[in-house]
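Below you'll find the structure, written out as structure tokens, and then a few comments.
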Protein chains: 2
Amino acid sequence: MGLRERKKEKTRLALLDAALDLFLEQGYDATTVEQIAGVVDVSPRTFFRYFSSKESIPLWFHEQGEETMTETLDSRPADEPAFTSMTHALRAVIHDMQGSTPEDTERFLKLRKLFETNPALVGKSVARGTAAELRLTEIIARRRGADPADQLSHLIVAWAMATMRVGFECPYEPTNIRAIVERMEQTLAIAENSLKPGWDT
Amino acid sequence: MGLRERKKEKTRLALLDAALDLFLEQGYDATTVEQIAGVVDVSPRTFFRYFSSKESIPLWFHEQGEETMTETLDSRPADEPAFTSMTHALRAVIHDMQGSTPEDTERFLKLRKLFETNPALVGKSVARGTAAELRLTEIIARRRGADPADQLSHLIVAWAMATMRVGFECPYEPTNIRAIVERMEQTLAIAENSLKPGWDT
DNA sequence: TAACTTATGTCATACGATGACAGATGACAA
DNA sequence: TTGTCATCTGTCATCGTATGACATAAGTTA
């Protein structure tokens, strides 16, 4: 890894951290891209070269999660019930969270606090999630040998994502990742217990 | 109803229709507020006095639907299973759709086509829906005598909304409201059949 | 008709976002 | 080390969304 690449990574993280801190200090809306860039001492134009938009900062984690889910889903056996595969994909995301570096963990907790203080962001994250939902639905539908327009495939994915969201948006103030993970596992358990066996086949 | 009020309503609908037509002609992103205002012959500033944002045009139906759901939910008996109440709320929205004027029906069909050609809008509609989801969750949690942070209450609402979305986003090209309503009823039926009796109590 | 309320247009301004171009900086081979 | 090349960066220009301030025009009411 050359100097150039390291420098880029450093700038990227600096922008991310600066943005996160400013968001928590003065609120998401009140923070401008100019301010974020100012802290890191780069031009606003450069900010947009690292992040496609101001929004993509609080959404960087979700993008990461979607990737994990897609990969996991592809690796699951084809004859597994669809919702079961989805829960595995969700748990893979949880697993990633637990295995992240202390820096990433801190960022994640900050992010969570940000979402809590700014409910509008939750909406925006779901908005981004819709595109991912479509891709996941295609995978599930193909596996089930169904039309991409198949309602049940849609429903399986939509409910799984909704479950994840409910688990993530716990209004408790978590001081560590463990609390969030536990909460997610709880929610997942409730979901699994609420569904009739074989509904997703 | 005075002249002034009638004039306002007329302008509002003119802006709505102009926007919808332009969106379908040249796409949502390619259409500017200036153009929309131009068709109706008002200043762009005036547009923003009728609609809080460009986005709120394709979202006007959702806002309407949320209102219906909240009202319905409040009128349901307190001892009814929560998810059942939610399905009633959803069906109330469907019922409203069937009872609308021909003009509104046309607008709704245009809107649906718009959502189909612009998946990003689906995301944005869900984003708006998140706020409504929070309010509905509060109602459900209170009825269930649970904490507002109760996971099951969250899950009940989230799954119901997800079901609605799956029904709405049918990739079929509906020429009339009936086709959409049928599709929604189908999705709702699948959902109801997938859940264990009593899961929502 | 006069006095009022309210809607509208015309500024000005802020912020997010993108394209174009030139200069700075790191990468790499001779 | 030096020269060449690729790439990153800042500056500038521009567009579109959105909001506040203020004067004017329109409808309302006495």
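Reckoned from all heavy atoms, side chains included, excluding hydrogens, waters and symmetry mates. In what follows, chains are A, B, ... by sequence order, proteins preceding strands, each numbered from 1.
OP1 or OP2 of D:dT9 lies within a sub-4.0 Å distance of a side-chain N or O belonging to A:Tyr50.
Residues from residues 4-18 of chain A placing a heavy atom under 4.0 Å of any atom in DNA chain C, listed by number, are A:Arg4, A:Lys7.
The shortest heavy-atom contact between B:Pro81 and B:Asp200 is CB-OD2, 3.4 Å.
Proximity of the aromatic rings of B:Trp199 and B:Phe83 is defined here by a centroid distance below 6.0 angstrom, and this criterion is met.
Applying side-chain hydrogen bond (donor to acceptor under 3.5 Å, both in side chains) to A:Asp17 and the options A:Arg12, A:Arg107, A:Lys110 leaves one that passes, A:Arg107.
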Using a 4.0 Å cut-off on protein heavy atoms (strictly under), produce a 5'-to-3' string for nucleotides 13-21 of chain D with B for base contact, S for backbone-only sugar-phosphate contact, and - for none. ---SSBBBB
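Between B:His62 and B:Phe115, the ring-plane angle classifies as tilted under the 30° and 60° cut-offs.
Among residues two or more places apart in sequence or in another chain, the side chain to side chain contact (heavy atoms under 4.5 Å, CB included) test is passed with A:Lys54 by A:Phe23, A:Tyr28, A:Val33. Judged as a side chain to side chain donor-acceptor pair (under 3.5 Å), and not counting sequence neighbours, A:Lys124 has no contacts.
Looking at A:Glu34 and A:Arg45, no side-chain N of the basic residue comes within less than 4.0 Å of a carboxylate O on the acidic one, giving no salt bridge.
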Kindly indicate, with the supporting measurements, whether the criterion side-chain contact (heavy atoms from CB on, under 4.5 Å) is fulfilled by B:Phe51 and B:Leu16. CA-CA 9 Å; B:Phe51 297 94; B:Leu16 186 61; 4.3 Å; yes
Side chains of residues 125-134 of chain B: which donor-acceptor pairs under 3.5 Å do they make with residues two or more places apart or in other chains?
residue  : atom : partner  : partner atom : Å
B:Ser125 : OG   : B:Val122 : O            : 2.7
B:Thr130 : OG1  : B:Val126 : O            : 3.0
B:Thr130 : OG1  : B:Ala127 : O            : 3.0
B:Glu133 : OE1  : A:Arg165 : NH2          : 3.1
B:Glu133 : OE2  : A:Arg165 : NH2          : 2.7

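Counting only N and O atoms by type, the side chains of B:Thr105 and B:Ser100 include a donor and acceptor under 3.5 Å apart.
The nucleotide range of DNA chain C contacted by chain A, defined by atoms under 4.0 angstrom from heavy atoms of the protein and reported 5' to 3', is C:dC15 to C:dA27.
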